[in-house]
Amino acid sequence: MADDFFDDDDPYFLVCDRLDAGEDPREVFAWATSRRKRAKGEVQRDQWDEALSYIGAEYPELDLG
């Protein structure tokens, strides 16, 4: 996406993009968890934590915890 609102590397955007594309939320959660483990720096880890929390909030029936 080429606008100033979203950063193409923002974890929240990446997660939402995959979910909007119809990927299974469990698979997106697993992918995001692995990306969070490889994150460098506290800010980036916090961003991944927020994206993971979003998946959990949007799909509480999946018991992703």
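Any value given below was found using the heavy atoms of this structure, including those in side chains, with hydrogens, waters and symmetry copies removed.
- Atom CD of Q44 sits about 10.0 Å away from atom CZ of R36, to the nearest 0.5 Å.
- Atom CZ of F13 sits about 8.5 Å away from atom SG of C16, to the nearest 0.5 Å.
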Practice prompt. Show your working on side-chain contact (heavy atoms from CB on, under 4.5 Å) between W48 and V15 and close with a plain yes or no.
Written response: CA-CA 9 Å; W48 281 108; V15 163; 4.2 Å; yes

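- When all heavy atoms of I55 and P25 are compared, the closest pair comes out as CG2-O, 4.1 Å.
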Practice prompt. For Q47 and Y12, run side-chain contact (heavy atoms from CB on, under 4.5 Å): C-alpha distance rounded to whole Å, both residues' side-chain angles, the deciding distance at 0.1 Å, then the answer.
Written response: CA-CA 7 Å; Q47 289 175 328; Y12 178 79; over 6 Å; no

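- With rounding to the nearest 0.5 Å, the separation of CG in L19 from CG in L14 is 11.0 Å.
- Distance CG/D9 to CZ/R35: 8.0 Å, rounded to 0.5 Å.
- Between the OH atom of Y59 and the CZ atom of R26 there is a distance of 11.0 Å, given to the nearest 0.5 Å.
- Minimum heavy-atom separation, R45 to K40: NH1-C, 4.3 Å.
- Rounding to the nearest 0.5 angstrom, the gap separating the OH atom in Y54 from the CZ atom in F29 is 14.0 Å.
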